[in-house]
Structure formats: C-alpha cells, structure tokens
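Here is the structure we will look at, set down as structure tokens.
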Number of protein chains: 2
Amino acid sequence: MTDALDIVFAALADPTRRAILAMLLEDDMAVTDVAEPFEMSLAAISKHLTILTRAGLIAQEKRGRVKWCKLEPDAMKAASVWMQGFGQFEPVNLEAFERFLTVELAPEDGPEAPDAPGGPDQAASSS
Amino acid sequence: MTDALDIVFAALADPTRRAILAMLLEDDMAVTDVAEPFEMSLAAISKHLTILTRAGLIAQEKRGRVKWCKLEPDAMKAASVWMQGFGQFEPVNLEAFERFLTVELAPEDGPEAPDAPGGPDQAASSS
DNA sequence: CGGATCGTCAACCATCCGGTTGAATATGCA
DNA sequence: TGCATATTCAACCGGATGGTTGACGATCCG
C-alpha cells in the first residue's frame with residue numbers, strides 16, 4: 001500500500017516540480033505557460049503536472065482549450081505537519097498539533113512570508 | 001546540479017525510511033536493531049541507512065562492532081522550512097486539509113497521539 | 001586461535017522515472 | 001468547414017532505485 005506521503009514527498013523530490021510549485025505560488029497558470037521557462041518538452045511538463053496533481057499539490061481545471069493549474073497546498077501542509085514531529089524530541093501530542101494547525105492556517109499568522117521558498121530560479125537547476 | 005532538497009525529499013519518499021526515522025525518534029539504535037522489525041534483508045536496511053545519512057537525516061557512529069544511528073533533524077527542518085512558504089496566501093481549504101490529515105496521518109491508530117508521525121506501522125507497507 | 005556477530009560490498013534483477021518524439025484528441029476561430 | 005492552438009497519449013530509451021544473495025572485513029569473546 002503506497003502511502004499518500006510517499007507520493008507527496010516523491011513529487012517534491014524533483015527540482016522542476018518544486019520550481020513549478022513556486023511559479024504557481026505567484027499565480028494560476030495554463031500548462032503551456034508553466035512549460036515556457038523550462039527547456040524540456042511540453043509533454044514532459046505535462047507529466048510533471050500529472051504527478052503534482054496526483055500528489056494533491058496542485059489542481060487542474062479545464063476551461064475551454066486551456067487547462068489551468070493552481071496550487072493546492074493542503075497536501076504540502078500535511079507533509080509539513082508530518083515533519084514537525086522531528087526536531088522537537090518529543091512524541092507528537094495532539095495539543096501541539098492543533099496549535100500548529102491554527103497557527104499555520106491563520107491568514108497572516110505565518111512565521112514570515114517568504115515570497116517563494118527556493119524561488120523559481122531553481123528552474124535553472126533542474127536535472 | 002542536484003539540490004540538497006532533492007536528496008532529502010527523495011529520502012523521505014520511502015515508507016521504510018520514514019519508519020526508520022520514526023523509530024530513531026524514540027532512541028538511537030544499532031543497525032541490526034533498526035532492521036529487526038522489517039522483513040527485508042539487513043543489506044537492504046543498510047542501504048536505506050546510507051541514503052538517510054547522505055540526506056543528512058541521520059548520523060552514524062561506529063563504536064566497536066556496532067554502528068549507532070541517531071536522528072539528525074536539521075535536514076528535515078530545512079525541508080520543512082522550504083514548505084512553510086506555501087499556503088500562506090491562498091485561502092486554505094481547512095476541510096480538505098483535515099480530511100487529508102485524518103486519512104493519511106491517522107490510518108487507524110485512533111485519535112491519541114501517534115508515537116511518531118506516520119508511525120512505524122508503515123514498516124508493513126513498505127514497497 | 002577460532003567461531004560468532006555486525007555490517008558492508010559486489011553483482012545481479014525487475015521496476016520505476018524522467019526525458020524524448022510523433023501521433024491523437026479537443027477546442028477555438030475565420 | 002478547415003486550420004491553428006492546447007494538451008495528452010503511446011512507445012521508446014537510459015539511468016536510477018529497491019530488493020535479493022553470497023562473500024568479505026572487522027570486531028568481540030571463549
């Protein structure tokens with residue numbers, strides 16, 4: 001049984017896909033526009049988008065000819081939450097867990113607001 | 001150029017390795033003891049530990065015959081920080097998030113705090 | 001010394017992954 | 001209708017990944 005976290009982390013393990021996520025942080029985009037800054041084929045980008053969709057990291061909605069991609073950060077948050085248990089050397093307790101949720105999901109209570117972690121410049125570093 | 005995040009996320013994408021990390025959250029362990037609950041060979045576990053080490057997620061120290069493995073959460077924190085930037089501006093779908101969490105992070109362990117995120121029970125689900 | 005335990009190395013295998021190309025499917029528009 | 005645009009599908013390729021087994025170096029101990 002493949003865990004959903006498998007798929008999310010595997011999706012995040014590729015620099016092209018992380019760059020795509022960073023781009024989508026700015027705005028929703030059509031598939032062709034997502035592909036534009038990269039040097040690989042459109043088909044390759046399409047595959048990456050499929051992987052991100054299956055991971056739940058983005059959602060795709062077709063309007064006319066154009067398929068729009070938008071960030072769907074819930075899966076990323078889930079993975080992030082999974083990691084929170086490490087580094088604080090105590091078993092994850094529900095209280096801290098819920099506190100984390102409220103802090104994280106609050107509109108502007110975030111620790112700070114990096115405009116894009118890593119940044120789209122990672123596109124250059126792909127593969 | 002392979003980004004360090006590539007390696008960290010790729011290391012986290014395997015349920016066996018996540019289970020190992022969860023085990024090490026409890027205590028430092030020797031390689032043989034790490035391997036004990038799994039059904040695969042010791043050599044396979046040794047490979048997994050090498051991958052986790054290269055990702056910076058654990059450290060290994062040899063004392064006598066025995067090689068001890070301990071959690072090294074900095075790399076995980078780095079990955080976690082990278083993810084923090086997502087979801088801060090988007091209207092987060094709290095319902096979907098919680099659904100994801102309850103499905104993924106608490107398979108059937110009940111509501112009490114899981115001893116580790118994901119839990120070593122994932123050992124059985126490897127591959 | 002010699003046997004038992006700990007762990008890795010090397011070779012091998014099946015499968016997955018990221019990319020390519022070319023054809024196919026939808027949709028928009030003149 | 002017919003052509004251009006948007007996106008995916010299908011087949012293929014090379015290389016990485018996750019597992020196996022068997023042999024090996026190291027270390028403890030009787």
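All values below come from the heavy atoms of this structure, side chains included, with hydrogens, waters and symmetry mates left out.
- Taking atom CG of B:Leu52 as the reference point, atom P of D:dG18 lies 10 Å away to the nearest angstrom.
- Here the closest non-hydrogen pair linking A:Phe9 and B:Ala13 is CB-CA, 3.6 Å.
- Straight-line distance from the NZ atom of A:Lys47 to the P atom of C:dT21: 12 Å, rounded to whole Å.
- A donor-acceptor pair is defined here as one N or O able to donate and one able to accept, closer than 3.5 Å; no such pair exists between the side chain of B:Ser46 and the backbone of B:Leu42.
- As rounded to whole Å, 13 Å separates atom P of D:dT7 from atom CD of A:Glu36.
- Residue-level contact check: A:Arg17 touches the backbone only, with heavy atoms under 4.0 Å from sugar-phosphate atoms and none from bases.
- Listed here is the closest heavy atom pair of B:Asp28 and B:Trp68: O-CZ3, 4.0 Å.
- At D:dG19, none of the side-chain N or O atoms of B:Ser41 fall inside 4.0 Å of OP1 or OP2 (strictly under the cut-off).
- Counting any heavy atom pair closer than 4.0 Å across all strands shown, A:Ala43 reaches a base atom.
- Hydrophobic clustering of Ile, Leu, Val, Met, Phe, Trp and Tyr side chains at less than 4.5 Å, counting indirect connections, unites A:Phe38 with A:Leu49.
- As judged by a 4.0 angstrom heavy-atom cut-off over every strand, A:Leu42 is placed among the base-contacting residues.
- The side chain of B:Arg65 lies closest to C:dC6 when the candidates are C:dC6, C:dT27, C:dG18.
- Rounding to whole angstrom units, NE2 of residue B:His48 and P of C:dG7 are separated by 16 Å.
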Working for side chain to side chain contact (heavy atoms under 4.5 Å, CB included), residues B:Asp33 and B:Met23:
CA-CA 10 Å; B:Asp33 295 330; B:Met23 289 165 58; over 6 Å; no
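- When the side-chain nitrogen and oxygen atoms of A:Ser46 are compared with OP1 and OP2 of D:dT7, none of them lie within a distance under 4.0 Å.
- Side-chain proximity of B:Asp14 to the nucleotides D:dG18, D:dT7, D:dT8 is greatest for D:dG18.
- Between A:Ala10 and A:Val66, the residue anchored nearer the 5' end of DNA chain C, judged by the nucleotide with its closest heavy atom, is A:Ala10.
- Between the C1' atom of C:dT5 and the CZ atom of B:Arg63 lies a distance of 17 Å, rounded to the nearest Å.
- Within the 4.0 angstrom heavy-atom criterion, only backbone atoms of the sugar-phosphate kind lie near A:Lys62; the bases stay farther away.
- When rounded to the nearest whole Å, the span between CD of A:Glu61 and P of D:dA6 equals 18 Å.
- Place B:Thr32 and A:Glu39 on DNA chain C by their nearest nucleotides, and B:Thr32 ends up nearer the 5' end.
- Side-chain N/O atoms of B:Lys67 include one lying less than 4.0 angstrom from OP1 or OP2 on C:dT8.
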